[in-house]
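A quick write-up on the structure given underneath.
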There are 2 protein chains.
Amino acid sequence: MKPTVHDIAAHAGVSLATVDRVLNGRAGVRPVTRQKVEAAIEALGFVRDVAAANLAKGRVYSFVFILPANDNSFMQNLRAEVRAAAERGLRERMSLATQDVPAFDVGALVAALERAERERPDGVAFVAIDAPEVRAAADRLMEQGIAVVTLVSDLSGSRRVHFAGIDNIAAGRTAGTLLGRFLGSRPGPVLPLAGSLMVRDHRERLEGFGAVMAQQFAARRILPVREGRDDPAETGRLVEEALRAHPDLAGIYSAGAGNRGLIRALEAQGAGPRPVVIVHELTGATREALSRERIDCVLNQDAGHEVRSAIRVLKAEADGSAVVAAQERIRIDIFLKDNLP
Amino acid sequence: MKPTVHDIAAHAGVSLATVDRVLNGRAGVRPVTRQKVEAAIEALGFVRDVAAANLAKGRVYSFVFILPANDNSFMQNLRAEVRAAAERGLRERMSLATQDVPAFDVGALVAALERAERERPDGVAFVAIDAPEVRAAADRLMEQGIAVVTLVSDLSGSRRVHFAGIDNIAAGRTAGTLLGRFLGSRPGPVLPLAGSLMVRDHRERLEGFGAVMAQQFAARRILPVREGRDDPAETGRLVEEALRAHPDLAGIYSAGAGNRGLIRALEAQGAGPRPVVIVHELTGATREALSRERIDCVLNQDAGHEVRSAIRVLKAEADGSAVVAAQERIRIDIFLKDNLP
DNA sequence: CGATTTCTGATTTACGTACCTCAGAAGTCG
DNA sequence: CGACTTCTGAGGTACGTAAATCAGAAATCG
């Protein structure tokens with residue numbers, strides 16, 4: 001049978017109250033007595049029953065998620081995952097509130113963080129914009145004892161406890177290696193695409209991509225990066241333009257969103273071998289394109305895992321327990337036609 | 001505030017005992033009354049507090065893990081993950097027992113399953129050997145109301161509730177596509193290696209691999225599969241032999257373990273370009289070989305995820321709740337030098 | 001040394017649910 | 001209609017921990 005606080009009290013020859021004080025680090029226990037209790041805990045192998053403790057505390061974890069009101073598939077999916085988690089959270093004395101803010105709007109994000117601060121939740125998770133004002137607002141939350149976790153896009157130099165997202169430099173490097181090796185000796189230039197170079201994740205991906213291309217595939221000509229603003233129409237236009245200007249275009253790496261346009265442009269392409277294409281985020285469109293061999297590889301971050309990881313970290317932070325580090329590393333999923341889920 | 005059973009009782013105008021009878025499906029409630037209670041539950045959005053419920057029930061989940069006493073890195077890692085989970089489990093009223101059985105021994109595995117059956121745990125997880133006797137033993141457990149989950153290697157045709165492992169055919173196909181594309185137009189044959197073709201996962205991997213090679217890279221010559229019994233020395237010998245017999249060997253796909261031997265043989269290889277190499281399972285040896293560019297790609301299954309997934313599924317099964325299906329799909333991790341964790 | 005403050009221990013209540021007992025109400029049957 | 005069964009309500013205890021209250025012990029101070 002698992003030992004309880006009563007067993008500890010009996011074994012240490014003290015009262016329940018004293019055990020409680022030791023367990024919860026409250027004052028009013030002589031060092032000698034404290035040691036007796038700690039010895040008993042050690043001897044009996046006592047571990048606190050979190051369920052009972054939370055029940056007694058009447059604790060409800062309250063977390064706020066701040067998400068950009070962006071309508072691309074990935075963000076829609078992310079929001080859906082937060083909703084799903086909120087529903088499951090009810091069962092486990094956890095309440096998740098969501099705030100939507102305009103995308104790429106520093107002022108709005110800071111305002112949302114300040115609003116969250118006033119509600120005094122146990123933790124806040126948000127998709128960061130990498131700006132000093134945002135960093136300041138996040139650090140203010142941390143000072144208030146509110147745990148802060150960044151989601152999908154990180155905030156450099158801040159004191160946030162965790163970043164629930166992928167290593168975008170590694171993702172870009174991976175894309176570079178795969179594209180370079182898939183191309184082999186096939187001649188022709190490569191087109192890098194981004195949503196915007198103002199966003200940290202896109203910038204980092206292209207950075208990693210560029211580094212690998214320069215280092216491992218130096219002979220390959222890399223065209224200047226084009227920015228499609230994560231917009232399908234604009235992205236499609238850019239691809240059509242590139243195909244026209246470079247009939248021998250050998251590869252495309254799309255680090256941002258708006259891939260529906262890219263795929264449409266590829267389908268409209270006439271004869272000749274199509275370029276090798278690597279994109280990010282598994283959505284309805286990219287999944288279909290991959291299975292129909294219109295593109296070659298999709299790098300993906302699992303929004304569900306990111307949300308669940310953020311919650312686990314916030315919860316662990318709230319009750320000062322440890323997390324399984326390996327479980328919280330968000331992996332770069334690499335999907336080929338062959339391992340589509 | 002979250003509604004409690006008391007609120008439901010008040011709202012439905014019945015007593016607490018009646019609400020309890022409805023919630024726990026006990027007899028002694030008229031259909032009319034039952035409906036009133038259910039309406040109140042619906043109206044107030046009541047969700048049972050699992051922590052309090054488990055506390056009241058004094059429930060302790062008991063699970064048994066049956067693991068092969070195999071000393072390769074992957075299995076060592078798997079055992080370590082189970083131990084770690086057991087330790088964390090203490091906190092959450094869950095007890096994990098472990099049984100070690102000789103590897104590849106059907107009789108021993110069946111005996112272990114029968115031993116587990118006698119202990120009447122809530123669930124059993126085990127690394128299956130795909131044999132009729134094992135299937136029968138597993139189904140017997142299921143009939144006793146003990147949830148059964150297969151781990152790493154599946155059991156065909158059984159009634160197990162879940163398989164916590166990767167899709168090995170897809171893994172093999174992925175390896176095929178990567179190897180074929182990495183090779184490009186480079187001439188030379190490819191050597192497939194396995195631990196043993198008697199094991200289902202290895203067989204399936206080679207099956208997927210062979211299918212893709214035949215379909216997408218028909219011109220490529222595939223040598224006959226060699227079996228290294230997951231033994232480094234034997235595997236090394238096979239590779240040396242192949243390198244001698246085929247100086248133009250272009251690629252190696254190792255679907256099993258014992259990759260230390262493979263790596264040693266590659267390092268001993270003289271001049272000339274080394275073959276493109278894809279192996280399974282990220283271990284100390286394969287990680288180092290990958291980062292030193294002795295091999296090109298590692299396909300991996302995350303043992304920690306598999307163990308945690310198995311536990312989540314067993315627990316959900318034990319209290320009749322649902323799991324997040326997407327969370328329980330074990331992914332095929334693809335590691336290049338660039339995205340090593 | 002007595003008064004005060006600081007520690008320490010014992011006891012009790014509460015958290016939300018499960019489950020038990022018992023009494024009495026409502027319904028069913030002959 | 002009475003005897004019977006089936007429902008239902010009231011009330012209690014239990015689970016393991018948290019936290020409050022109060023009383024008594026020890027230490028500190030003037």
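Chain letters run A, B, ... following the sequence lines, proteins first and then strands; every chain starts at 1.
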Worksheet item: Taking CD1 from A:I41 and C1' from D:dT17, how many angstroms apart are they, rounded to a whole number?
Response: 13 Å
Item to complete: Please examine the side chains of A:E143 and A:R159, heavy atoms only from C-beta on, and report whether any two atoms are closer than 4.5 Å.
Response: yes
Discussion item. So if I take every side-chain heavy atom of A:S15 and compare against D:dG9, D:dG16, C:dA10, which nucleotide ends up nearest?
Written reply: C:dA10
Fill in: Student check: side-chain heavy atoms of B:E119 and B:V124 closer than 4.5 Å
no
Discussion item. Of the listed nucleotides (D:dT8, C:dT17, D:dT17), which one gets closest to any side-chain atom of B:A56?
Written reply: C:dT17
Worksheet item: From C:dT17, C:dG9, D:dG9, pick the nucleotide closest to the side chain of B:D49?
Response: C:dT17
Response to the item:
Closest of C:dG16, D:dT21, D:dA19 to the A:D20 side chain is D:dA19
Response to the item:
By nearest-heavy-atom nucleotide on DNA chain C, the more 5' of B:A17 and B:A52 is B:A52
Worksheet item: Can you find a side chain N or O atom of A:T18 that sits less than 4.0 Å from OP1 or OP2 on C:dG9?
Response: yes
Worksheet item: Just to confirm, is there a sub-4.0 Å distance from OP1 or OP2 of D:dG16 to any side-chain nitrogen or oxygen of A:R48?
Response: no
Worksheet item: CZ of A:R93 versus P of D:dT17: gap in Å, rounded?
Response: 15 Å
Worksheet item: With a 4.0 Å cut-off on heavy atoms, is B:G13 in touch with a base, just the backbone sugar-phosphate, or nothing at all?
Response: sugar-phosphate
Worksheet entry | Length of the CG-P vector between A:N54 and D:dA18, whole Å | 9 Å
Discussion item. Rounding to an integer number of Å, can you tell me how far A:H6 NE2 sits from D:dT17 C1'?
Written reply: 8 Å
Fill in: Earlier contact from the 5' end, DNA chain C, for B:F46 and B:R30
B:F46
Worksheet item: Are A:R91 and B:D49 ion-paired here, with the side-chain N under 4.0 Å from a carboxylate O?
Response: no
Discussion item. Using side-chain heavy atoms (C-beta onward) and a distance below 4.5 Å, is B:T150 in contact with B:H162?
Written reply: no
Fill in: Residue mapping more 5' on DNA chain D - nearest nucleotide basis, B:T33 or B:G58
B:T33
Worksheet item: Roughly how many Å is it from CZ in A:R26 to C1' in C:dT6, rounded to a whole number?
Response: 17 Å
Discussion item. For a quick test of reading the model: is some side-chain N or O of B:T4 closer than 4.0 Å to OP1 or OP2 of C:dG16?
Written reply: no
Worksheet item: Roughly how many Å is it from CZ in A:R21 to C1' in C:dG9, rounded to a whole number?
Response: 7 Å
Practice prompt. Report the distance from atom CG of B:L55 to atom P of D:dA18, rounded to the nearest whole Å.
Written response: 12 Å
Discussion item. Need one value for A:V14: base, sugar-phosphate or nothing, where a base atom within 4.0 Å counts as base even if backbone is also close, heavy atoms only.
Written reply: sugar-phosphate
Worksheet item: Under a 4.5 Å cut-off applied to non-hydrogen side-chain atoms, are B:P341 and B:L282 in contact?
Response: yes
Discussion item. What is the distance, to the nearest angstrom, from the NZ atom on A:K2 to the C1' atom on D:dC15?
Written reply: 12 Å
